[in-house]
Amino acid sequence: DTLGVDYIEGGYPLSNPKDTAFFEQAGKTDFKHAKVCAFGMTRRRGADPADDAGMKALVGAHAPVITIVGKTWDLHVDQVLRVDRDENLAMIRESVTFCRENSETGDVFYDAEHFFDGLAANAQYALSTLTAAVEGGACRVILCDTNGGSLPGWITEAVGRVQSHLGGEVTLGIHTHNDSGLATANSLAGIKAGCAQ
């Protein structure tokens with residue numbers, strides 16, 4: 001906060017007692033600049049967000065921002081979640097909407113997990129997951145290179161494709177992993193291409 005960091009992600013409030021305690025303490029802390037973010041997953045398949053323990057924990061953390069992570073790569077939708085692709089889109093949209101409507105500020109970020117791999121494998125579906133998040137009311141969409149295998153040129157191209165697809169409806173962020181030693185270069189490429197975070 002003193003350094004001027006805009007957002008501090010505090011973890012998943014349902015995951016363990018320490019994360020729950022963090023949000024209790026953060027709620028009593030007078031931050032001058034930074035906003036604390038609670039992080040969690042989309043609702044479970046077939047569940048109403050209002051009945052989902054994860055959703056309730058996120059809004060119950062009373063954090064100024066909620067970050068929802070969702071599946072973007074059709075491979076993971078099919079083989080990890082094992083849900084219909086349309087159900088995955090509904091999970092994203094409904095989770096963002098629930099958190100927006102029931103949180104302290106209504107600020108919800110959407111983390112597009114494995115976005116760059118998903119875009120390479122099935123661009124139409126990967127982009128449709130971002131559309132679902134925006135339709136749900138996400139104020140920021142974070143493009144994640146979760147495997148850390150992208151090159152800066154691909155990051156630049158992909159961010160451009162997202163901007164064309166979403167038409168500037170939402171602020172973009174970049175989240176890169178360093179498996180190939182390129183996290184810094186990829187982050188800078190994302191920022192240069194138009195990501196604001």
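Everything quoted here is computed from the prediction, not taken from an experiment.
Here the OG1 atom belonging to Thr72 is positioned 8.5 Å from the CG atom belonging to Leu143, to the nearest 0.5 angstrom. Here CG of Leu188 is found 11.5 Å from CD1 of Ile155. Values are rounded to the nearest 0.5 Å. Distance CD1/Ile174 to NZ/Lys192: 14.5 Å, rounded to 0.5 Å. With rounding to the nearest 0.5 angstrom, the OG atom of Ser128 is 7.5 Å from the CD1 atom of Ile92. Taken to the nearest 0.5 Å, the CE atom of Met91 stands 12.5 Å off from the OG1 atom of Thr129. Note that CD of Glu9 is 10.0 Å distant from CZ of Phe109, once rounded to the nearest 0.5 Å.
Residues Met55 and Tyr110 fall within the same hydrophobic cluster, defined by Ile, Leu, Val, Met, Phe, Trp and Tyr side chains chained together at heavy-atom separations under 4.5 Å. The hydrophobic clustering, which links ILVMFWY residues whose side-chain heavy atoms are closer than 4.5 Å, places Val170 and Leu130 together. Connection of Leu14 to Phe23 is not established within any shared hydrophobic cluster, with ILVMFWY side chains joined at heavy-atom distances below 4.5 Å, either directly or through further cluster members. In terms of hydrophobic clustering, with Ile, Leu, Val, Met, Phe, Trp and Tyr side chains grouped at heavy-atom distances under 4.5 Å, Val36 and Leu3 are assigned to a common cluster. By the rule that hydrophobic residues join a cluster once side-chain heavy atoms approach within less than 4.5 Å of another member, Leu172 and Trp154 end up as members of one cluster.
With hydrogens and angles disregarded, no donor-acceptor distance shorter than 3.5 Å links the side chain of Thr171 to the backbone of Arg140. Between the Gln163 side chain and the Ala193 main chain, a donor and an acceptor come within less than 3.5 Å of each other. Distance alone, capped at 3.5 Å, is enough to place a donor-acceptor pair between the His177 side chain and the Thr146 backbone. Listed for the Asp1 side chain is no donor-acceptor partner under 3.5 Å among the backbone atoms of Phe31. Under the 3.5 Å distance criterion, the side-chain polar atoms of Thr97 are left unmatched by any main-chain donor or acceptor of Glu94.
Gly54 and Tyr12 get closest at one heavy-atom pair: CA-OH, 3.5 Å. The shortest heavy-atom contact between Ala132 and Leu89 is CB-O, 3.7 Å. Closest heavy-atom contact between Tyr125 and Asn88: OH-ND2, 2.9 Å. Shown here for Leu182 and Ser150, the closest heavy-atom pair between the two residues is CD1-O, 3.7 Å. Residues Ile191 and Cys195 share a closest heavy-atom pair of CD1-O, 3.3 Å. Minimum heavy-atom separation, Ala189 to Thr156: CB-OG1, 3.8 Å.
For residues 16-25, every residue pair satisfying the side chain to side chain donor-acceptor pair (under 3.5 Å) rule, not counting sequence neighbours, is listed here: Ser15-Asp19. Note on residues 141-167: pairs passing salt bridge (Lys or Arg N to Asp or Glu O under 4.0 Å), not counting sequence neighbours, are Glu157-Arg161. Contacts classified as side chain to side chain donor-acceptor pair (under 3.5 Å) and involving residues 179-190 (residues at least two apart or in different chains) are given here: Thr176-Ser187.
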Run the numbers on Arg43 and Glu87 for salt bridge (Lys or Arg N to Asp or Glu O under 4.0 Å), then give the verdict. CA-CA 11 Å; Arg43 66 158 173 86; Glu87 169 66 358; 2.9 Å; yes

Step by step, would you call Arg44 with Asp52 a salt bridge (Lys or Arg N to Asp or Glu O under 4.0 Å)? CA-CA 7 Å; Arg44 289 166 296 153; Asp52 186 276; 2.8 Å; yes

May I have the step-by-step check of side chain to side chain contact (heavy atoms under 4.5 Å, CB included) for Ile142 and Gln197, ending in yes or no? CA-CA 8 Å; Ile142 314 299; Gln197 177 182 336; 4.1 Å; yes

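Inter-residue side-chain proximity for Phe39 and Asp111 is flagged as met; some heavy-atom pair is nearer than 4.5 Å. Residues Val80 and Trp73 form no side-chain contact, since every pair of their non-hydrogen atoms from C-beta on lies 4.5 Å or further apart. Annotation: side chain of His33 is in contact with side chain of Asp6 (closest heavy-atom distance under 4.5 Å).
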Return all side-chain donor-acceptor pairs below 3.5 angstrom for residues 112-120, not counting sequence neighbours, or 'none' if the list is empty.
| residue | atom | partner | partner atom | Å |
| --- | --- | --- | --- | --- |
| Glu113 | OE1 | Lys71 | NZ | 3.0 |
| Asp117 | OD2 | Asn147 | ND2 | 3.1 |

For residues 56-70, which side-chain N or O atoms pair as donor and acceptor with protein atoms under 3.5 Å away, sequence neighbours left out?
| residue | atom | partner | partner atom | Å |
| --- | --- | --- | --- | --- |
| His62 | ND1 | Glu104 | OE2 | 2.8 |
| His62 | NE2 | Gly60 | O | 3.3 |

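Every residue two or more places apart in sequence or in another chain that forms a side-chain hydrogen bond (donor to acceptor under 3.5 Å, both in side chains) with Glu135 is listed here: Arg93.
Note on Asp78 versus Arg85: salt bridge recorded, some NZ/NE/NH1/NH2 to OD/OE distance being below 4.0 Å.
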